[in-house]
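Encoded as structure tokens, the structure appears first; notes follow it.
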Protein chains: 2
Amino acid sequence: MKIGELAKAAHVEVETIRYYERIGLLPAPARSDNGYRAYAGMHLERLAFIRHCRTLDIALADITRLLRFVDDPSAECAEVNTLIDTQLARIRARLDSLRTLEQQLVVLRSQCDAPDRAAQCGILHELEAPTLGDACVCHDERRQ
Amino acid sequence: MKIGELAKAAHVEVETIRYYERIGLLPAPARSDNGYRAYAGMHLERLAFIRHCRTLDIALADITRLLRFVDDPSAECAEVNTLIDTQLARIRARLDSLRTLEQQLVVLRSQCDAPDRAAQCGILHELEAPTLGDACVCHDERRQ
DNA sequence: GCTTGACCCTGTAGCGGCTACAGGGTGTGT
DNA sequence: ACACACCCTGTAGCCGCTACAGGGTCAAGC
Ligand SMILES: [Zn+2]
Ligand SMILES: [Zn+2]
Ligand SMILES: [Zn+2]
Ligand SMILES: [Zn+2]
């Protein structure tokens, strides 16, 4: 299997595959006489595993750790659970902050419904507010 | 005002201020005889504006556009509204995908409650699933 | 045999928004 | 005289790719 074929099979860009090899995530394959990379089924399996993890937004460093369990099936998998829990906590923290952000933007947006000259714009006024030491409407609940 | 004083006043790292100057977001200040940057009140105002926008996760390029309205108070502010709307749409799209992600991780996590050897781990099995062309529990609703 | 085009190779730089140095100069206090 | 905090420039690193530049290889069609 040449790199382009592997890329198609795994729905990944060719450059991404070379990048994974460069950082040591995907093992370097054998080479054909012409120097082309020659992949085996194992590489497709790994790449599919990696991409599956990536759709779950798992970091490449963490995927490396997960792959160690794939390679050593007799190891205790407790670390896997911890890793997923950490990932979940990360996502939930991000969700919380994005929900706050959404509300702040909604409030900010409501400050200008009839676009006029910038000098009168409620949005710009709010964005300038903390400049003057005032509180802003968007961040009134809890600061920062 | 020296850079360290400005940094404290705006709760920003010194390096961040120099970075903003380098990319043209914060105007280069006058220099003292010793070559130190000498900031005026206007710089603190700008920096506060920028940081306020950043807490709303507005991109630096968009902040540049917003600052043009600050500098030209007679301009029509319609573009400001559009910019905030776009920002809100971006945040909401990200929220949607993170909510999906959270559910996928919850399902994945439920596949292993009693850590054992990796060979038996339901989480690792699920992550390997698409390798074998099978559907996975985490992505069963809508693919990708 | 010769050209076209699709593919492959290496190496490097760019994205965003900082952060962290290295290697130097300056200013203040004791 | 010395320490120490601060300032300067310039460069490289973080993440996960993406996009070249500048070359080599191979199969099909003329
Ligand atoms: Zn307005
Ligand atoms: Zn605010
Ligand atoms: Zn397990
Ligand atoms: Zn899945």
Side-chain angles (χ1 to χ4, degrees), chain A residues 1-26 28-39 43 46-47 49-67 83 86-87 90-91 94 97-98 101 144, chain B residues 1-26 28-39 43 46-47 49-67 83 86-87 90-91 94 97-98 101 144:
Chain A
M1 205 172 2
K2 285 191 289 183
I3 197 169
E5 293 160 356
L6 178 61
K8 269 211 189 72
H11 305 107
V12 172
E13 297 288 323
V14 166
E15 286 91 349
T16 304
I17 297 175
R18 285 198 279 247
Y19 170 69
Y20 287 164
E21 179 181 329
R22 198 160 64 242
I23 63 169
L25 191 55
L26 196 64
R31 296 284 179 138
S32 308
D33 291 350
N34 54 16
Y36 290 9
R37 288 172 180 81
Y39 293 98
H43 292 97
R46 283 226 155 197
L47 191 49
F49 184 96
I50 294 167
R51 294 311 294 180
H52 195 186
C53 291
R54 288 298 297 137
T55 67
L56 297 168
D57 207 34
I58 297 175
L60 296 181
D62 287 338
I63 297 176
T64 304
R65 293 166 59 201
L66 288 176
L67 281 169
L83 200 152
T86 305
Q87 178 68 7
R90 226 175 47 78
I91 299 295
R94 187 84 184 111
S97 79
L98 281 186
L101 206 49
Q144 159 73 234
Chain B
M1 204 173 4
K2 286 192 288 182
I3 198 170
E5 292 160 356
L6 179 61
K8 270 212 188 70
H11 307 106
V12 173
E13 297 288 324
V14 165
E15 285 91 350
T16 304
I17 297 176
R18 285 198 279 247
Y19 170 68
Y20 286 165
E21 179 181 329
R22 199 159 62 240
I23 63 169
L25 191 54
L26 196 64
R31 296 285 180 139
S32 308
D33 291 350
N34 53 17
Y36 291 10
R37 289 171 179 81
Y39 291 99
H43 292 97
R46 282 223 156 199
L47 191 49
F49 184 95
I50 293 168
R51 295 310 295 179
H52 195 185
C53 291
R54 288 297 299 137
T55 66
L56 296 167
D57 207 37
I58 297 175
L60 295 182
D62 286 339
I63 297 176
T64 304
R65 293 165 59 200
L66 289 176
L67 281 169
L83 200 152
T86 305
Q87 178 69 6
R90 227 176 46 77
I91 299 294
R94 187 84 184 113
S97 80
L98 281 186
L101 206 48
Q144 167 68 238

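So you know, we letter chains A, B, ... as the sequences are listed, proteins then strands, and number each from 1. Hydrogens, waters and symmetry mates play no part in the numbers below; they use all other heavy atoms, side chains included.
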Does a nitrogen or oxygen in the side chain of [X] sit under 4.0 Å from OP1 or OP2 of [N]?
X	N	value
A:N34	D:dG24	no
A:T16	D:dT18	yes
A:Y20	D:dC17	yes
A:R37	C:dC8	no

When A:D33 and A:E15 are each assigned the nearest nucleotide of DNA chain D, the 5'-most assignment goes to A:E15

If each of B:R22 and B:R18 is mapped to the nucleotide of DNA chain D with the nearest heavy atom, which maps nearer the 5' terminus, i.e. the 5' end?
B:R18

With a 4.0 Å cut-off on heavy atoms, is [X] in touch with a base, just the backbone sugar-phosphate, or nothing at all?
X	answer
A:A59	sugar-phosphate
A:R54	sugar-phosphate
B:I23	nothing

Could you work out how much the helix from C:dG1-D:dC30 to C:dT30-D:dA1 bends, comparing the axis of its first five pairs with that of its last five, to 10°?
30°

Atom-pair distance ([atom1] on [X]; [atom2] on [N]), nearest Å:
X	N	atom1	atom2	value
B:L6	D:dC8	CG	P	11 Å
B:Y36	D:dT9	OH	C1'	13 Å
A:R31	D:dG24	CZ	P	17 Å
B:E21	C:dC18	CD	C1'	16 Å
B:Y39	D:dC7	OH	P	10 Å
B:L26	C:dC18	CG	C1'	15 Å
B:Y19	D:dT11	OH	P	17 Å
B:I63	C:dG17	CD1	C1'	10 Å

So A:R46 and A:F49, side-chain contact (heavy atoms from CB on, under 4.5 Å) or not? Walk me through it.
CA-CA 5 Å; A:R46 283 226 155 197; A:F49 184 96; 5.5 Å; no

For a 4.5 angstrom cut-off between non-hydrogen side-chain atoms, does [X] reach [Y]?
X	Y	result
A:L60	A:Y20	yes
B:I17	B:Y39	yes
B:L56	B:Q87	no
A:I63	A:L67	yes

Can you tell me how far apart CG (A:D57) and CZ (A:R94) are? Round to the nearest 0.5 Å.
10.0 Å

Pair B:T16-B:R51, side-chain contact (heavy atoms from CB on, under 4.5 Å): steps then yes or no
CA-CA 11 Å; B:T16 304; B:R51 295 310 295 179; 4.1 Å; yes

Ignoring the backbone of [X], work out which of [options] is nearest its side chain.
X	options	result
B:K2	D:dG24, D:dC7, D:dC17	D:dC7
B:I3	C:dC18, D:dC7, C:dC9	D:dC7
A:L60	C:dC18, D:dT18, D:dG16	D:dG16

Assert: residue with more 5' nearest nucleotide on DNA chain C, out of B:A61 and A:V14, is A:V14

Result for side-chain contact (heavy atoms from CB on, under 4.5 Å) between A:R37 and one of A:R18, A:H43, A:M1, A:K2 points to A:R18

